[in-house]
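In what follows, a structure is listed as structure tokens, so that the remarks can point back to it.
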Amino acid sequence: MKTWELGDQKGIASLRMAERAEPKPGPGQAVIAVKACSLNRRDIGIAGGTYGAAKPATRIPLSDGAGDVVAIGPDVTGVKVGDRVTASHYTTWLDGTFDPSVRNADLGVSIDGWLTERAVIPAAALVPIPDKMSYAEAAALPVAAVTAWSVIEGLGRIKSGDIVLTLGTGGVSIFALQIAKMNGARAAITSSSDEKLARCKDLGADIVVNYKTRPDWDKAIRDQTGGRGVDIVVETGGFATLSQSLAACAPNARVGMIGALAGRPEAPPALFPMVGNNITLKGITSGTRRMFVELLKAMDATDMKPVIDKTFAFDDAVNAYQYMVDSDFIGKIVVSVG
Ligand SMILES: NC(=O)c1ccc[n+]([C@@H]2O[C@H](COP(=O)([O-])OP(=O)(O)OC[C@H]3O[C@@H](n4cnc5c(N)ncnc54)[C@H](OP(=O)(O)O)[C@@H]3O)[C@@H](O)[C@H]2O)c1
């Protein structure tokens with residue numbers, strides 16, 4: 001079978017194609033005939049050697065994928081050959097509170113991932129795909145959608161009528177917009193592109209602000225909420241945008257700090273509104289398999305479809321990475337396999 005490997009992690013050009021024997025499942029494992037996988041921002045850092053310690057050159061990249069179970073090893077229960085599946089990328093975080101040990105079995109990072117024709121996945125992490133969902137749609141979800149769900153549902157305890165703010169139009173943010181609307185909330189979103197903001201309006205965004213032409217975007221958001229501010233923030237920008245996100249918050253808001261898209265802050269974030277407005281700020285690292293199952297149930301019930309910007313062929317996976325670097329997309333970038 002054909003597989004991609006990280007290689008020496010000096011950048012996207014280090015990714016390399018290899019030929020391997022067909023994998024056999026060990027105890028507790030399933031072999032999946034992969035149909036689709038998707039990229040996340042961290043995959044750029046992993047390919048460039050800037051996401052934690054160096055990985056083995058033979059590591060198979062990508063945390064997100066979907067396909068058919070073609071073999072199961074001893075002691076596997078709950079899935080069978082022929083099932084359509086995706087998987088929770090933290091393969092041992094099935095439920096309950098976070099423990100750092102989940103990083104020891106993270107698909108595409110500490111264990112082999114999905115950018116391969118046949119993937120070996122811990123069977124306990126597998127999640128069945130709803131009948132009306134395609135492989136590409138399912139492959140778009142594990143990291144980005146589950147993280148957005150974890151902030152909005154887990155931390156945010158969203159209620160109808162809440163206002164959810166998210167920054168930029170990448171994978172996590174577009175899912176945040178859609179999950180907000182699914183819950184009868186209002187969605188606010190920022191972008192550097194008016195064209196992308198127009199797409200967000202089509203997806204149901206209620207408040208859109210261009211953060212390039214409105215560097216005071218927090219004021220623009222506050223103005224458009226009649227001065228009230230937002231109730232939940234999916235903070236993809238990181239510490240460089242946190243001061244403005246907090247300034248855009250309503251009393252008792254919940255802010256999930258998940259990303260670092262805006263780079264290093266020039267000054268420490270201004271945290272004063274946290275006390276004055278009784279705001280909860282929490283770091284969120286992805287979510288559990290249980291959250292993933294809940295997300296799929298909600299998507300199935302509401303017919304919510306992931307926004308897939310572009311699909312690349314398996315042999316062309318390097319160009320999928322380059323497309324992410326160029327940031328010309330909205331939502332998710334998918335690689336079709338097999
Ligand atoms: N904690 C976790 O478990 C977790 C999980 C997933 C992702 N993350 C992190 O969350 C962030 C988002 O991930 P992603 O996969 O959604 O990324 P992504 O798809 O690569 O997002 C790219 C988009 O981010 C936007 N952006 C860039 N700089 C920005 C800025 N200064 N302010 C606002 N938006 C900006 C741009 O949107 P426009 O083109 O519209 O301007 C760009 O197109 C990343 O830092 C990622 O590493 C964390």
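One-based numbering, in listed order, for ligands and for the atoms of each. Predicted, not measured: the structure shown is a model, and the values here were computed from it. If you read the sequence from its start, that first residue is 1, and numbering goes on from there.
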Main-chain N/O of [Y] paired to [X] side chain as donor or acceptor, under 3.5 Å:
{"X": "E294", "Y": "M291", "value": "no"}
{"X": "W93", "Y": "G96", "value": "yes"}
{"X": "R59", "Y": "S110", "value": "yes"}
{"X": "Q224", "Y": "R222", "value": "no"}

**OP:** Find out whether I221 and L165 are in side-chain contact, i.e. whether some heavy atom of one side chain is under 4.5 Å from a heavy atom of the other.
**Re:**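 Result yes, sub-4.5 Å side-chain heavy-atom pair found.
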
**OP:** Compare all side-chain heavy atoms of S191 with those of N210 and state whether any distance is below 4.5 angstrom.
**Re:**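 They are not in side-chain contact.
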
Can you confirm, on distance only, whether ligand 1 has an N/O atom lying under 3.5 Å from any N/O atom belonging to [X]?
{"X": "T190", "answer": "no"}
{"X": "A262", "answer": "no"}
{"X": "I258", "answer": "yes"}

Per-residue contact class, [X] against ligand 1 - non-hydrogen pairs under 4.0 Å:
{"X": "M324", "result": "side chain"}
{"X": "R41", "result": "both"}
{"X": "I330", "result": "neither"}

Among all the protein's non-hydrogen atoms, which is closest to [atom], and how far away is it?
{"atom": "atom 43 (O) of ligand 1", "value": "K196 NZ, 3.6 Å"}
{"atom": "atom 32 (N) of ligand 1", "value": "Y211 CZ, 3.7 Å"}
{"atom": "atom 24 (O) of ligand 1", "value": "L261 CD1, 3.1 Å"}
{"atom": "atom 3 (O) of ligand 1", "value": "S286 N, 2.7 Å"}

Heavy-atom proximity to [atom], best of [options]:
{"atom": "atom 25 (C) of ligand 1", "options": "S38, A148, G168", "result": "G168"}
{"atom": "atom 13 (O) of ligand 1", "options": "T169, V172, T166", "result": "V172"}
{"atom": "atom 38 (P) of ligand 1", "options": "S191, S193, S150, G171", "result": "S191"}

Original post:
At a 4.0 Å cut-off, with the gap strictly under it, does some heavy atom of A144 reach an atom of ligand 1?
Top reply: no

**OP:** Find all atoms of ligand 1 within a distance of less than 4.0 Å from any non-hydrogen atom belonging to F329, and give their numbers and elements.
**Re:** 18 (P), 19 (O), 20 (O), 22 (C)

**OP:** Please go through L197's hydrophobic cluster and name the other residues, only I, L, V, M, F, W, Y counting, with side-chain heavy atoms under 4.5 Å joining them.
**Re:** I174, L177, I189, L203, V208, V307, I330

**OP:** Can you sort out the partners of D316 under side-chain contact (heavy atoms from CB on, under 4.5 Å), two or more places apart, ordered by chain and number?
**Re:**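 D316: side-chain contact (heavy atoms from CB on, under 4.5 Å) contacts with F312, A313, N319.
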
Subject >> Nearest heavy atoms of G170 and F329, plus distance in Å >> reply: CA-CE1, 4.2 Å

